[in-house]
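Below is one structure, written out as structure tokens; comments come after it.
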Amino acid sequence: MATYQPLHDWNVTPTEAVALQQQLRSQIRIEPLAEPPKTIAGCDISFNKFEETVYAGIVVLRLDTLETIEEAGVVSTAPFPYIPGLLSFREIPSLLQAWAKLKIEPDVVMFDGHGTAHPRRIGIASHAGLFLNRPTFGCGKSVLVGKYDEPALERGNWSPMKHYGEVIGAALRTKNKVNPVYVSPGNWIDLETAIALTLQCDGGYRIPEPTRRAHNLVNALRRGEQKIS
DNA sequence: GCGACAG
DNA sequence: ATCTTGTCGC
């Protein structure tokens, strides 16, 4: 029931995908939130090695209590392969199917990957943000592009990630003495807010709760331990 | 040309 | 991402 704007077809070749990114990047807006968010969604996909079937899921939580208030999952197929820099073409199609099953329209969406911390500044969080037309940001577990100085070891510290001289994201410590996560704006949000939201979604683990729960959901789906909701 | 390379 | 048990360190 949640809606989105189908800006373009997903049936493209890698070369066409890069051209689409170049064309879409100008539509991305990096700015503070217009409204204080009450709900946040986490997204993820899972699959069996060498298989084309993908399990996509979205979990919606209240930002104040981190209580899960809705889950949606789908079993789909990914026609596009994983190619560094083109992750959105593999994951967004099935995530949109899960999105369409949501009754709640989340105020902000967190992605397992990057937003502006991308060679063309349009990672999965930014690309999806254009379709969803609402605040989105990325929180990845490793770097695609960019250099940074190691942030201080205590939770909450962060240092800017730079690429060709520009700040594209942040290496953020979400837990004491544990490797940082990499946060970057997707669309309709700024870096500072994305960092604050990531810290607000703390559940005691390195990975913030929205993504962690979405990951658990899709893995349960893949193993047949969970019915499609 | 070589190495890197989100999930 | 996924395949998998134990094990080193705080």
Side-chain angles (χ1 to χ4, degrees), chain A residues 10 14 17-18 20-21 24-25 28 41-59 73-98 109-130 136-148 153-155 161-164 168-187 191 194 198 204-208 210-225:
Chain A
W10 292 100
V18 171
L20 259 177
Q21 292 182 322
L24 293 169
R25 60 180 299 182
I28 296 167
C43 321
D44 196 19
I45 72 163
S46 178
F47 55 86
N48 288 313
K49 204 174 183 179
F50 304 131
E51 287 182 16
E52 67 297 324
T53 299
V54 297
Y55 303 81
I58 298 177
V59 177
V74 299
V75 178
S76 185
T77 178
F80 207 87
Y82 167 67
I83 298 174
L86 299 179
L87 177 67
S88 61
F89 291 86
R90 174 175 173 72
E91 301 201 347
I92 291 181
S94 52
L95 285 175
L96 288 177
Q97 291 177 23
V109 187
M110 172 188 288
F111 286 83
D112 189 8
H114 305 291
T116 55
H118 177 279
R120 289 171 292 282
R121 310 292 181 263
I122 180 168
I124 187 170
S126 300
H127 198 159
L130 290 174
T136 59
F137 66 96
C139 180
K141 301 179 292 299
S142 62
V143 175
L144 209 207
V145 294
K147 300 287 188 182
Y148 65 94
L153 298 178
E154 292 67 46
R155 165 181 158 80
M161 293 170 71
K162 296 183 179 181
H163 187 52
Y164 286 102
I168 58 174
L172 171 68
R173 201 80 70 183
T174 52
K175 192 170 160 56
N176 293 169
K177 303 175 207 173
V178 165
N179 288 159
V181 293
Y182 306 90
V183 179
S184 61
N187 192 26
L191 178 58
T198 298
Y205 298 90
R206 175 168 86 118
I207 305 304
T211 293
R212 206 176 71 80
R213 289 184 202 171
H215 192 267
N216 289 338
L217 171 65
V218 297
N219 276 326
L221 241 185
R222 178 170 61 85
R223 297 168 187 152
E225 304 166 355

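Note on naming: letters A, B, ... go to the chains in the order of the sequence lines (proteins, then strands), and numbering restarts at 1 for each one.
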Touch class at under 4.0 angstrom, heavy-atom based, for A:Val145 against every strand present: nothing
Sugar-phosphate, base or nothing in reach of A:Ile92, heavy atoms under 4.0 Å: nothing
Inter- and intrachain pairs under salt bridge (charged side-chain N to carboxylate O under 4.0 Å, His left out), touching residues 117-130 of chain A, at least two apart: A:Arg121-A:Glu166
Neighbours of DNA chain C within residues 216-223 of chain A, by heavy-atom distance under 4.0 Å: A:Asn219, A:Arg222
Nearest atoms (heavy-atom pairs only) where A:Gln21 meets A:Leu86: OE1-CD2, 3.5 Å
Test item: A:Leu217 and A:Asp44 side chains (from C-beta on) under 4.5 Å apart, heavy atoms: no
Closest non-hydrogen atom pair, A:His127 against A:Leu24: NE2-CD1, 3.5 Å
Atom-to-atom span, NZ of A:Lys175 to C1' of C:dC10 - whole angstrom: 11 Å
A:Arg213 versus A:Asn216, side-chain donor and acceptor atoms under 3.5 Å: no
Identify each atom pair where a protein N or O and an N or O of nucleotides 6-8 of chain C are less than 3.5 Å apart, giving names and distance.
none

Any side-chain heavy-atom pair of A:Leu172 and A:Pro180 under 4.5 Å: no
A:Ile207 side chain near A:His215 side chain, heavy-atom distance below 4.5 Å: no
Sugar-phosphate only, base, or nothing, as touched by A:Gly140 at under 4.0 Å among non-hydrogen atoms: sugar-phosphate
Length of the line joining A:Tyr82:OH and C:dA1:P, which is rounded to integer Å: 10 Å
Close side-chain approach of A:Val109 to A:Cys43, heavy-atom, < 4.5 Å: yes
Where A:Gly204 and A:Lys175 come nearest, the two heavy atoms and their spacing: O-NZ, 3.4 Å
Least distance between heavy atoms, A:Pro119 atom then A:Leu144 atom: CD-CD1, 3.5 Å
C:dG9 OP1/OP2 closer than 4.0 Å to side-chain N/O of A:Lys177: no
Touch class at under 4.0 angstrom, heavy-atom based, for A:Gly85 against every strand present: base
Parallel, tilted or perpendicular, as decided by the 30° and 60° cut-offs, for the rings of A:Phe89 and A:Trp10: perpendicular
Euclidean distance, atom CZ of residue A:Phe50 to atom C1' of C:dA1 [Å, nearest integer]: 11 Å
Heavy-atom pair of closest approach, residues A:Leu95 and A:Gly57: CD2-O, 3.9 Å
For DNA chain B, the dot-bracket pattern of Watson-Crick and G-U pairs whose distances stay under 3.5 Å, | for other-strand partners: .......
Validation row: A:Ile28, A:Leu130 side chains within 4.5 angstrom (heavy atoms): yes
Separation of atom CD in A:Glu91 from atom C1' in C:dA1, rounded to whole Å: 8 Å
Sugar-phosphate only, base, or nothing, as touched by A:Ile45 at under 4.0 Å among non-hydrogen atoms: nothing
Candidate pair A:Thr136 and A:Asn187, rule side chain to side chain contact (heavy atoms under 4.5 Å, CB included), full reasoning: CA-CA 5 Å; A:Thr136 59; A:Asn187 192 26; 3.8 Å; yes
Atom-to-atom span, CG of A:Leu95 to C1' of C:dA1 - whole angstrom: 14 Å
Touch class at under 4.0 angstrom, heavy-atom based, for A:His127 against every strand present: nothing
Canonical and wobble pairing (Watson-Crick, G-U, under 3.5 Å) of DNA chain C, dot-bracket with |: ..........
The single option from A:His118, A:Lys162, A:His114, A:His163 passing side-chain contact (heavy atoms from CB on, under 4.5 Å) against A:Ile168: A:His163
Side-chain donor-acceptor pair present, A:Asp112, A:Thr211, cut-off under 3.5 Å: no
Distance, rounded to the nearest Å, where A:Ile124 contributes CD1 and C:dA1 contributes C1': 13 Å
Student check: side-chain heavy atoms of A:Leu87 and A:Tyr82 closer than 4.5 Å: yes
Interface limits on DNA chain B, where chain A has a heavy atom under 4.0 Å of a nucleotide atom: B:dC5 to B:dG7
